Amino acid sequence: MAEISTERLIMRGWRESDLAPWAAMNADPEVRQYLGPLLTFEQASAWVLNFQDDLDRYGFGFWAVEVRASGEFIGFTGLGTVDEEMPFTGVELGWRLAQPAWGHGYATEAALAALEYGFDIRGLAEIVAVTMAGNLRSRAVMRRIGMTTDPAEDFDDPDAGEGPLRRHVVYRKLRDPEN
């Protein structure tokens, strides 16, 4: 499994010590605002097991992210195969950070590192990212890392009821042809 380091962050495999802060951030209504219902500790733990299994099995997935200077766990960033139910295919870039980590540029820094890994190490031709239309913070990260969107690809999630979690936007980034 690959570990990725940036100037301020380490993207690594999951540790037992990550479970409590991971569960706490997934019980935070603001963190979950665009993700759906809050998760119980057991549900959050199951996600961690799945994340680590993907990392072990495929060599990439959703890495735990820690701040290099302090060792503090702040969330995840990584790449995953798009679910079969989606109206598009490919590899998706995603992230989720604890609220105290917002506004420091960590999501952008980690997302850029994951893009570089996907393009340069995994040889991907394209990476997508998806969020709810109203998630302006994540959409801003997508624009900062050079992703673009085509409103014709926006879609309604059939599993979400009417409301702000239904409409989704798709962003894309192609590998630089010179790399």
Side-chain angles (χ1 to χ4, degrees), residues 9 11 14 18 21-51 54-55 60-65 73-119 124 126-174:
L9 304 172
M11 297 161 56
W14 291 79
D18 300 330
W22 169 252
M25 68 181 272
N26 281 286
D28 180 337
E30 288 198 55
V31 170
R32 299 284 310 171
Q33 179 179 4
Y34 297 104
L35 300 168
L38 302 180
L39 300 183
T40 65
F41 185 89
E42 293 74 21
Q43 290 168 321
S45 296
W47 281 65
V48 166
L49 291 174
N50 287 334
F51 291 158
D54 285 349
L55 289 168
F60 73 97
F62 294 108
W63 292 275
V65 177
F73 168 87
I74 59 168
F76 81 75
T77 303
L79 302 168
T81 305
V82 172
D83 290 337
E84 291 178 8
E85 303 85 43
M86 290 294 192
F88 54 91
T89 60
V91 173
E92 178 181 0
L93 170 65
W95 56 84
R96 183 175 319 152
L97 300 180
Q99 206 175 147
W102 295 358
H104 300 282
Y106 294 143
T108 300
E109 185 173 330
L112 284 168
L115 281 175
E116 182 178 329
Y117 179 84
F119 291 139
L124 299 172
E126 178 184 61
I127 297 175
V128 300
V130 179
T131 192
M132 289 75 198
N135 189 345
L136 301 180
R137 294 177 72 98
S138 283
R139 293 180 73 175
V141 171
M142 293 169 190
R143 286 189 304 274
R144 277 195 295 276
I145 63 175
M147 299 186 104
T148 58
T149 186
D150 177 353
E153 289 190 287
D154 293 359
F155 67 98
D156 289 336
D157 183 343
D159 294 331
E162 290 298 323
L165 299 184
R166 188 167 180 86
R167 193 70 176 162
H168 285 62
V169 293
V170 179
Y171 283 74
R172 297 181 178 277
K173 184 169 178 87
L174 296 172

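Every value quoted in this text rests on a predicted model; they were computed, and no experiment measured them.
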Measuring from atom [atom1] of [X] to atom [atom2] of [Y], what distance do you get when rounded to the nearest 0.5 angstrom?
X	Y	atom1	atom2	result
Phe60	Leu124	CZ	CG	6.5 Å
Phe41	Asn26	CZ	CG	11.5 Å
Arg96	Asp28	CZ	CG	11.5 Å

Side-chain heavy atoms of [X] within contact of [Y], under 4.5 Å:
X	Y	answer
Trp14	Trp22	yes
Val130	Phe88	yes
Tyr106	Val65	no

**Prompt:** Residues in side chain to side chain contact (heavy atoms under 4.5 Å, CB included) with Leu38, at least two apart?
**Reply:**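 So Leu38 forms a side chain to side chain contact (heavy atoms under 4.5 Å, CB included) with Pro29, Arg32.
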
**Request:** Take the angle between the ring planes of Trp63 and Tyr117 and call it parallel below 30°, perpendicular above 60°, tilted in between.
**Result:**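 Correct class here is perpendicular.
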
**Request:** Just grab all the salt bridge (charged side-chain N to carboxylate O under 4.0 Å, His left out) pairs involving residues 101-116, residues at least two apart or on different chains.
**Result:** Arg8-Glu109

Considering only distance and modelled atom types, tabulate donor-acceptor pairs under 3.5 Å from the side chains of residues 164-171, sequence neighbours left out.
unit_1: Arg166; atom_1: NH1; unit_2: Asp157; atom_2: O; d: 3.3
unit_1: Arg166; atom_1: NH1; unit_2: Ala160; atom_2: O; d: 2.4
unit_1: Arg167; atom_1: NH1; unit_2: Asp156; atom_2: OD1; d: 3.1
unit_1: His168; atom_1: ND1; unit_2: Arg166; atom_2: O; d: 2.9
unit_1: Tyr171; atom_1: OH; unit_2: Arg139; atom_2: NE; d: 3.0
unit_1: Tyr171; atom_1: OH; unit_2: Arg139; atom_2: NH2; d: 3.4

**Asked** Should the heavy atoms of other residues, nucleotides or ligands under 6.0 Å from CH2 of Trp102 be counted, would the total exceed 12?
**Response** yes

**Listed partners of Glu126 passing salt bridge (charged side-chain N to carboxylate O under 4.0 Å, His left out), at least two apart** = Arg172

**Item:** With sequence neighbours excluded, residues passing salt bridge (charged side-chain N to carboxylate O under 4.0 Å, His left out) with Asp54
**Value:**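 Partners of Asp54 by the salt bridge (charged side-chain N to carboxylate O under 4.0 Å, His left out) criterion come out as none, since no residue qualifies.
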
Show me the donor-acceptor pairs within less than 3.5 Å that the side chains of residues 76-86 make with the rest of the protein, sequence neighbours left out.
none

**Prompt:** Has the side chain of Glu153 got a donor or acceptor atom that lies under 3.5 Å from a matching backbone atom of Asp150?
**Reply:** no

